[in-house]
Amino acid sequence: MEGVSAPSGPFQALPPQVDLPALEHEVLEQWATDKVFARTLEGAADRPQWVFYEGPPTANGRPGTHHIEARAFKDVFPRFKTMQGYHVPRRAGWDCHGLPVEIAVEQELGFAGKPDIEAYGIAEFNARCRESVERHVGAFAELTDRMGYWVDMSTAYRTMDASYIESVWWSLKQVFDKGLLVESHRVAPYCPRCGTGLSDHEVAQGYETLVDPSVYVRMPVTTGEWAGQADLLVWTTTPWTLPSNTAVAVHPDVTYVVARPAGDDAGRPLVVAEPLLTAALGEGAQVLARTTGRDWERTHYQRPFELVDFPDDVETHYVVLAEYVTTEDGTGLVHQSPAFGADDFAVGRAYGLPVVNPIDPTGHFTADVPLVGGHFFKAADPTLVQDMVDRGVLYREMRYEHSYPHCWRCHTPLMYYAQPSWYIRTSEIKGQLLAQNERTHWYPENIKEGRFGDWLNNNVDWALSRDRYWGTPLPIWRNDADPSRMVVVGSLAELSELTGRDLSDLDPHRPFIDDVTFTVDGEEGTYRRVRQVIDAWYDSGSMPFAQWGAPHRNKAEFEAAYPAQFIAEAIDQTRGWFYTLMAVGTLVFEQSSYENVLCLGHILAEDGRKMSKHLGNILEPMPLMDRHGADAVRWFMLAGGSPWSARRVGHETLSEVVRKVLLTYWNTASFFTLYAETNGWDPAATPAPPRAERPLLDRWALAELASVTDGVTRALEDFDTQTAGRLIAEFVDDLSNWYVRRSRRRFWDGDPAALGTLHEVLDGLTRLMAPFTPFVTERVWRTVVAPGLPDAVDSVHLATWPTVDAEARDDALVEQMTLVRRLVELGRSARTSAKSRTRQPLARALVAAPGWSQLPRDLVAEVADELNVAELTELAAVGSSLVDVSVKVDFRAVGRRLGKQVQAVAAAVAATDAAGLVADYRAGTATVPVDGTDVPLVEGDLIVTETPREGWTVASAGGLTVALDLTLTPELERAGLVREVVRLVQEARKTTGLAVSDRIELWWTGEDAAARALTEHGEQVAAEVLATSVHAQTAGDGEGLEGPAGSRIWITRATA
RNA sequence: GGGCGUGUAGCUCAGGCGGUUAGAGCGCAUCCCUGAUAAGGAUGAGGCCGGAGGUUCAAGUCCUCCCACGCCCA
């Protein structure tokens, strides 16, 4: 463009080519320099607050592409709400504690378990954990910044900070004071060799196939109707748990039978579930009685082994009811040993059964147990089985192959083992949780009653404590002389008071906190902290207050920002953060912490599987953004498919986003600036005329913008980025491929109506897109939108959300344009089927379409011009004798009105003469005979398709018809020739690198039709191609271009 | 084993309240248009809408069962 002198306006041309990732880095620098994010917050400080909580990512391991998903949603709505005029503070947070961090550090240090950690030193170990967290936080911060997620990381909360821990302590004290924090036993997977419990995650890694004995044991009934006359038949694959058998569970609603196996007339009959009768006792068993499980409750039996002492003061060894009992395998009677099974434990607790455990923490039976004392637990199986055989209590023994959890480190089979543990009795507040859930808006809705509702309905107490190191220490101090005396500490200040020394600067982590002890006047003994730390999920569930250090600090700020209007995470958080956030809020404040929650599906690799190192299908997030741009990745996450479905991400999909959405948008903006600059357009000096005076096409673009603005706003209010994105993408396409294409000439001419309209539309569109694609819209705002606005803010993210321009909205016009575009499609289709090039002008076309007669002349002209046809005539005007009519019913309309009669009406319509019926139909008097009565047809009941009889090329669809007259006159042929020459010259201009405004000289040679055409239309050609002079029948320099009909063309740039 | 979700063209995905020729984009083939475009348009090949029953005048859509995959829980 250099060297072209043009009138100067405020716009500078944007290049049509753009490197989006490079642009994004420039924009990032600009944001940093101009402190744009901070200004969006400062400027809104006095506005109504819209509260968003950032769920802290666990800072162990590097961030993956799936982290972009949740972070895109966490960004788009705050941006939207900010533009709408809310104050949306956004504070980042990091989840720092927990077993994953410990395991990562253990692996770094090559540790094999807790003894290694203890030997290394807890202080040193925790220091390594802290260091690991800080390292990983850096990687997350980098990702956050690069993707344009605006969240304040300078004030990020960290769950390992002392102020955070103090808030968590405070909340636990509230829970304790309500009597909901209690110590109890917990049955958990446990490795007897390593002496440590395993997390679920660890257990999942260690399943191995194992062959266990499968034994059916007789337990004689000792009370009730069948006392001494029947045996319970109990199945188990863990004989080693039988010495501690405490009860037998049956399902309350299953039918149980007392039956005698075929051919066994002497032995006592057996009790089994009816559905398992054949499986357990074989064919032909004789059924003596039949009753439901409920009726067996509290029937006592004789236990299989007398090796272990049970307390005398509680009843044991009777039948209990349990819903979890199935009739899939075994006998439908399940042996209960509360020390070794989570279900057993829960059932036992409901019945007040004791937890009897003859096995020590190393996995061996204690020495005082007869028969198997000192045996490793599984090694005791054969001895126990043989003993039962000898005593005749074993009904049957088989081998059973199944997958069983093993320690992933040492491959020892795990025990489910009761360990003392601290619980929050969330089951006590189940009703409150359900009520809070009822008030919560879930997106998608089905989570509320489905996955999450089920989880709440089956709520079990929260096992809060962990026998680990790197976590928030459980703030319970217990008197070593009287363990029933406990003090729960709510802050370091309280602890200082209790100990009488200033502990305000103490690191509240282990091991330092473990050394803090105190005494209470008048009491014996010393208060020492219990050794456990707490579940890291409780940390994150406390973030609404703990991020402020509340209530010790910032109490007012916390209260003003509780609860949140909005949170968003992936679906795996249903039982994670979504639950803990609601549970902690309800426990402490009797109110859930959030009102709206968006629950996202997972991001999968291109092959539809989870991304994993093992499969080698990982897409690293940073390289992905540097290849396609963060805007493209964000757009995909927000608008590429349903947010709550699992979605596949890949390079193809992303480059499609770039081409279809981002570059189309960019090019429209670039096109605008090209002609705004070339023509020196200045809206202040030459504003667009009032809307009513602008061409229909301009008014259409503005009407579409109004309608899209309305739709996008509504969709985002409903947290529906997919619909919003679809509306935007369609509008971008319409704008580029219809409005701009149809308006090109007016832009070349610098028409202020066209330039003004496009500027207005780009303004609105850029604001609508800003929350989705903050980078490219920022650049367009600064270089395309702002220069044309008086007093424009310097960032689109400081701009206001567009309101719907009610005056511009024109749904009738939108509808008419839709008709125009459909007719154009049909015309093109007809052209193609006749192999008639659009470049060849035709004399006329016929059109049949509902609403055609009301179409404004300007829009008719659009169709004619687009199809390159001189004249368009309504088909009806040709005369019905030349037209075929076909007709069918609109099932939707008729079906809704007449129900099942619709089929008969359709048949009757088909049987009636179409031409006559259509004439009556248009006069409003049409009826068809159905079952002897005449059924009237009203407007909208029929789809009428009219086609000319012959001599035309026709395309029709959906009641619309376009027919082309292909007759070519010499005049039309010459007009076609001229179009051909113009196109050739334009092509040549482009390929030789001429600027759009460069003038040229043109030479041509040709004979006959070509000569005549170029002579006749010389001026038109010159005007089209910006030729200052045309040298007819004169060869230029060189080869020139081969034109149509034997002509030849030469061009050179005109010297000014 | 249970709960929830998903299954539509080779690929990625749309398909308010059920309405009779199931759509779009990518990719492929042929052609067209083009002085913003990495674009646009037309035609074609490519679909038992996971399978089987059922409800209905009418089912991709509603119901039941089954299959596959995913997530969560056992």
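Order of the sequence lines sets the chain letters (A, B, ...), proteins ahead of strands, with each chain counted from 1. If you're wondering where the values come from, they're calculated on a predicted model, not measured in any experiment.
Computed from coordinates, the Leu727(A) CG to G16(B) P distance equals 15 Å when rounded to whole Å. The distance from atom CZ of Arg742(A) to atom P of U34(B) is 12 Å, rounded to the nearest whole Å. Between the OH atom of Tyr579(A) and the P atom of C73(B) there is a distance of 13 Å, rounded to whole Å. In this structure, Arg726(A) places its CZ atom 10 Å from P of A14(B), rounding to the nearest Å. For the pair Leu600(A) CG and C72(B) C1', the interatomic distance rounds to 16 Å; values are reported in whole Å. We find that CZ of Phe452(A) is positioned 16 Å from C1' of C71(B), with the value rounded to whole Å. Atom CG of Leu456(A) and atom C1' of C72(B) are 14 Å apart (whole Å). Atom CD1 in Ile943(A) sits about 11 Å away from atom C1' in U21(B), given to the nearest Å.
In summary, the side chains of Ser427(A) and Asp461(A) do present a donor paired with an acceptor at a separation below 3.5 Å, with no hydrogens or angles considered. Looking at His628(A) and His651(A), their side chains do bring a donor and an acceptor atom within 3.5 Å of each other.
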Pick out the pairs of N or O atoms, protein on one side and nucleotides 58-63 of chain B on the other, that lie under 3.5 Å.
none

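The shortest heavy-atom contact between Ala669(A) and Val784(A) is CB-CG2, 4.1 Å. Of all heavy-atom pairs spanning Ala906(A) and Phe891(A), the tightest one is CB-CZ, 3.9 Å. Leu598(A) and Phe578(A) make their closest contact through O-CZ, 3.8 Å (heavy atoms, listed as atom of the first residue, atom of the second, distance). Across all their heavy atoms, Val954(A) and Ala963(A) have their closest contact at CG2-CB, 4.0 Å.
Between Glu1024(A) and Arg745(A) there is a salt bridge, since at least one side-chain N of the basic residue sits less than 4.0 Å from a carboxylate O of the acidic one. Classification of Glu730(A) and Arg726(A) as a salt-bridged pair holds, one side-chain N sitting under 4.0 Å from a carboxylate O.
Of the P atoms belonging to C49(B) and G3(B), the separation is 28 Å, rounded to the nearest Å. Rounded to the nearest Å, the gap between the P atom of G19(B) and that of G53(B) is 23 Å. With both ends at atom C1', the span from G51(B) to C17(B) equals 28 Å, rounded to whole Å. G46(B) sits 8 Å from G10(B) when the C1' atoms are compared, rounded to a whole Å. Here, C13(B) and G7(B) have their C1' atoms 13 Å apart, quoted to the whole Å. A9(B) and G60(B) are spaced 15 Å apart, taking the P atom of each and rounding to whole Å. To the nearest whole angstrom, the two C1' atoms, one in G23(B) and one in G16(B), are 16 Å apart. Taking atom C1' on both G1(B) and A59(B), the two are 33 Å apart, rounded to the nearest angstrom.
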Requested in this report: Take Arg821(A) and Glu862(A), measure what salt bridge (Lys or Arg N to Asp or Glu O under 4.0 Å) needs, and give me the verdict at the end.
Outcome: CA-CA 9 Å; Arg821(A) 295 181 70 180; Glu862(A) 295 289 339; over 6 Å; no
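Residue contacts for Arg745(A): at a heavy-atom cut-off of 4.0 Å it reaches no nucleic acid atom on any strand shown. Residue Val894(A) is out of contact with every strand shown, counting any heavy-atom pair closer than 4.0 Å. Nucleic acid contact class of Glu987(A) (heavy atoms, under 4.0 Å, all strands): none. Residue Thr668(A) is in base contact, counting any heavy-atom pair closer than 4.0 Å across all strands shown. If you check every strand for non-hydrogen atoms under 4.0 Å, Phe747(A) touches nothing. Among the protein residues, Asp890(A) comes within range of no part of the nucleic acid, since none of its heavy atoms lies under 4.0 Å from any strand.
If you look at Phe747(A) and Phe671(A), their ring centroids are closer than 6.0 Å.
Contacts of His335(A) classified as ring pair (Phe, Tyr, Trp, His ring centres under 6.0 Å), with partners at least two apart in sequence or in another chain: none. With sequence neighbours excluded, the residues forming a side-chain contact (heavy atoms from CB on, under 4.5 Å) with Gln901(A) are Leu898(A), Val930(A), Val935(A), listed by chain and number. Looking at residues two or more places apart in sequence or on another chain, you find a side-chain contact (heavy atoms from CB on, under 4.5 Å) between Thr440(A) and Asn437(A), Trp442(A), Met582(A), Tyr594(A), Val597(A).
Here U34(B) is the nucleotide among A36(B), A14(B), U34(B) with the atom lying nearest to any side-chain atom of Arg983(A). If you check G19(B), A74(B), A36(B) against the side chain of Trp748(A), the one that comes closest is A36(B).
In terms of position along RNA chain B, the nucleotide closest to Leu735(A) lies nearer the 5' end than the nucleotide closest to the other residue of the pair Leu735(A) and Gly899(A). Of the two residues contacting RNA chain B, namely Gln901(A) and Ser670(A), the nearest-nucleotide position lying further toward the 5' end is that of Ser670(A).
Exactly one of Val658(A), Leu654(A), Val661(A) qualifies for a side chain to side chain contact (heavy atoms under 4.5 Å, CB included) with Trp635(A). That residue is Val661(A).
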**Report entry** Where protein sits on nucleotides 37-44 of chain B, one letter per nucleotide: B base, S sugar-phosphate only, - none, heavy atoms under 4.0 Å
**Finding:** BBSSSSS-
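Taken together, the paired segments of RNA chain B that extend over three or more consecutive Watson-Crick or G-U pairs, each closer than 3.5 Å at both contacts, are B:1-7 with B:67-73, B:10-13 with B:23-26, B:28-32 with B:40-44, B:50-54 with B:62-66.
The phosphate of U34(B) has OP1 or OP2 within less than 4.0 Å of a side-chain N or O from Arg979(A).
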